[in-house]
Undergrad: 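My questions will all concern the structure given below.
Every chain is numbered from 1, with letters handed out A, B, ... down the list of sequences. The figures that follow rest on heavy atoms only: side chains count, while hydrogens, waters and symmetry mates do not.
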Number of protein chains: 4
Amino acid sequence: MWFRVDPRLPTPVYQQVVDGIKEAVAKGLLKPRDRLPAVRELAMLMMLNHNTVAKAYQELERERVIEVIRGRGTYVAAPSLLANRSERIVKMSETIKQLCVEAYYLQMTEDDLLTLFQDLMNEWKREKGRNNT
Amino acid sequence: MWFRVDPRLPTPVYQQVVDGIKEAVAKGLLKPRDRLPAVRELAMLMMLNHNTVAKAYQELERERVIEVIRGRGTYVAAPSLLANRSERIVKMSETIKQLCVEAYYLQMTEDDLLTLFQDLMNEWKREKGRNNT
Amino acid sequence: MWFRVDPRLPTPVYQQVVDGIKEAVAKGLLKPRDRLPAVRELAMLMMLNHNTVAKAYQELERERVIEVIRGRGTYVAAPSLLANRSERIVKMSETIKQLCVEAYYLQMTEDDLLTLFQDLMNEWKREKGRNNT
Amino acid sequence: MWFRVDPRLPTPVYQQVVDGIKEAVAKGLLKPRDRLPAVRELAMLMMLNHNTVAKAYQELERERVIEVIRGRGTYVAAPSLLANRSERIVKMSETIKQLCVEAYYLQMTEDDLLTLFQDLMNEWKREKGRNNT
DNA sequence: GTGGTCTAGACCACC
DNA sequence: GTGGTCTAGACCACC
C-alpha cells in the first residue's frame, strides 16, 4: 500500500487514510483515472473495518480527490481548482505561519529553515519526476 | 489578548489556547519572564471554562513554553533546547511535507510556493523585530 | 440524444435515464407514439450497460410514460391520468414545500421566488410551443 | 419532535433527519441559537441509533445549518450566504424545472400550477409568521 | 454530559 | 462485485 496507519495516534484512523491517499496523489504514486482498491479490499489490507475506509472515501470524494462510481468502483479524480488565487494564498499562509512558530521552538534560524525548505522541495520534485516517467 | 479562540472550530479549545500563546511567544509579543494572567483571569477574559485554561497551561508547561510557580504566578520560560538536531529536522520535514501536499491541491507551482514562503518569512522577521525593540 | 447522464452523480444512472426521458416528453421533444431506441442501441449511444437502460425502461413502463410492445419496439405512451385530483395536489404540494425550504436557505424572498417561477414557466411554455409546431 | 422519519422510504434515514431539521429551521420552528437535542437524546426519541443521528448532525454542520460545539452541545447556526446570486438562481431553476416535469405528468395546466404555488407560498408565509411572533 | 470514532455484522441498491 | 446504510455496543476526548 502507499501509506501506513497507526491507531494509537490521536489523528482518527479514517483521517490518516484520507491524508495518506492525498499524499500518494500529490506525489504522483496515484494518477488521475487510476483505480483505488475497493472499500472492503483496502479495509482487509490495512486491517480496518470497511466502515472506516468508506468514511475516508466519502471524505475524499467531498474534497474532489477521488470519484466514486457506485456499483463500479473508485477512481482518482482529474485535478480541479475550486478556490480563487487570494483564498489559496490565505490558506497557504496559515500553514506557513504554523511552520514559523514550530521553527521558533526548535530554535532553527530563518536561514536553516529556508535551506531545509529548499532541500525538501527539490527532493519532492525529484520524487514526482520519478513517478511521472 | 494576543489571540482568539473559536469553540466552533474542530480544534479543541484548550489546543487553540496553547497554539495562541506559543504563537505570541514566537512573535515576541510575549517575552521570557513575562507574566501570564492567572488561569481564572484568562478564563474570564476569554469567556472560557477555567478547566479549559488550566489544561492549556499544563500542556504549555509540559512543552516548557511556560513555567508555573505555585503561589507566585505563571511566566514565559527561557528558551530551551530539547530535541537534538536530527530529531528537529525530522519534525520540521514532516511539517514541510504536509505543506507540499497542500500546495499540490491548491495547484501552486514550486516557484509560487517558494516566493510566498520567502515573503512570509521576511514579514515574520520584521514583526519580530518590531516586538523586540 | 435528448439528455445526458453522469455516473459520478449520486443519483443512480438508471434514474437519470428515467428523468431524462420524462423531461424530453414533458418538453415535447418526444411525442406520444414516437419510437424510442432499442435498449441495446440506447446503451451503446450513451455508453451504458444495457441492464441499466433495461431497468430504466421497465420503470418508465411502470409509470406509464412509455409502452413496450414485445417484438415491435418501445413507444412514448399516450398521456393517461392515474391519480385523482386530491392525490395530485398532495404530490405537487410536497414538491413545492421542498422548493420553499431550498429558497429559504438561498435567502430568496418570496417575491424573488415568485418572479423566477413565473419567468421559468413562460420559458417552459414557449419551448413546448416550439416543439409542438 | 418537529418531524418524522420512515425507515421504509428509499431516502436514507439520516437524510430524512437532515431534511426534517432543515425544514423546521426554514419554517421558524427552530431559530438561530436554539439548542438541538443531544445526539443520543434525539436518537432515543426517534428510535434510531446514535450513529445515524451523529451522521445527520455532521452533514448539517457541513451545510452550515447547525453548529456543533464539542463537549457542549449543538445549536442552530446564524443564517449565512455562500453562493452568489447567479449560482443561487441556477440552483432554484433546476428545482423549478423538475416541478414543471412533475406537473406535466400530473396533467396540471400552467394556471393550476401557478395558483397552487401561490396558495402554498401564502400558507408558508403565514406559518412562518406564527412561529416568529 | 457532549459529540466522535471504531469494530462487527447485517442488509440493500446498483452495475 | 461495488459502495451505502444501519444497528449494537464499546471506548475516547473534551468541557
Undergrad: Please check if the side chain of B:Lys91 supplies one atom and the backbone of A:Leu106 the other of a donor-acceptor pair under 3.5 Å.
TA: no
Undergrad: Please work out if A:Ile69 contacts a base, only the sugar-phosphate, or nothing of the nucleic acid, heavy-atom cut-off 4.0 Å.
TA: nothing
Undergrad: Could you say whether D:Thr11 or B:Gln15 is positioned toward the 5' end of DNA chain F, judged by the nucleotide with the nearest heavy atom to each?
TA: D:Thr11
Undergrad: Do the side chains of C:Ile21 and C:Tyr57 get nearer than 4.5 Å, heavy atoms only?
TA: yes
Undergrad: Taking the nucleotide of DNA chain E with the closest heavy atom to each, which residue, C:Val13 or A:Met47, is nearer the 5' end?
TA: A:Met47
Undergrad: Can C:Leu42 and C:Met46 be said to form a side chain to side chain contact (heavy atoms under 4.5 Å, CB included), step by step?
TA: CA-CA 6 Å; C:Leu42 185 57; C:Met46 314 212 59; 3.7 Å; yes
Undergrad: What I'd like to find out is whether the side chain of D:Asn131 reaches to under 4.5 Å of the side chain of D:Lys27, using heavy atoms alone.
TA: yes
Undergrad: Please figure out whether D:Gly73 or A:Asn51 has its closest DNA chain E nucleotide nearer the 5' end.
TA: D:Gly73
Undergrad: I need the minimum non-hydrogen distance between D:Val65 and D:Lys22, along with the two atoms involved.
TA: CG2-CG, 4.1 Å
Undergrad: Quiz question: by atom type and distance under 3.5 Å, do the side chains of C:Thr95 and D:Glu102 form a donor-acceptor pair?
TA: yes
Undergrad: What stem regions, each of at least 3 consecutive Watson-Crick or G-U pairs below 3.5 Å, can be found for DNA chain F?
TA: E:1-14 with F:1-14
Undergrad: Would you say the side-chain atoms of D:Asp34 pair up with the backbone N or O of D:Lys31, donor to acceptor, closer than 3.5 Å?
TA: yes
Undergrad: Mapping B:Asn49 and D:Leu48 onto DNA chain F by nearest heavy atom, which one lands closer to the 5' end?
TA: D:Leu48
Undergrad: Shoot me the first and last contacting nucleotide of DNA chain F against chain A, ordered 5' to 3', at under 4.0 angstrom to non-hydrogen atoms.
TA: F:dG1 to F:dC6
Undergrad: Give me the atom names and distance for the closest heavy-atom approach of D:Arg70 to B:Pro10.
TA: NH2-O, 4.1 Å
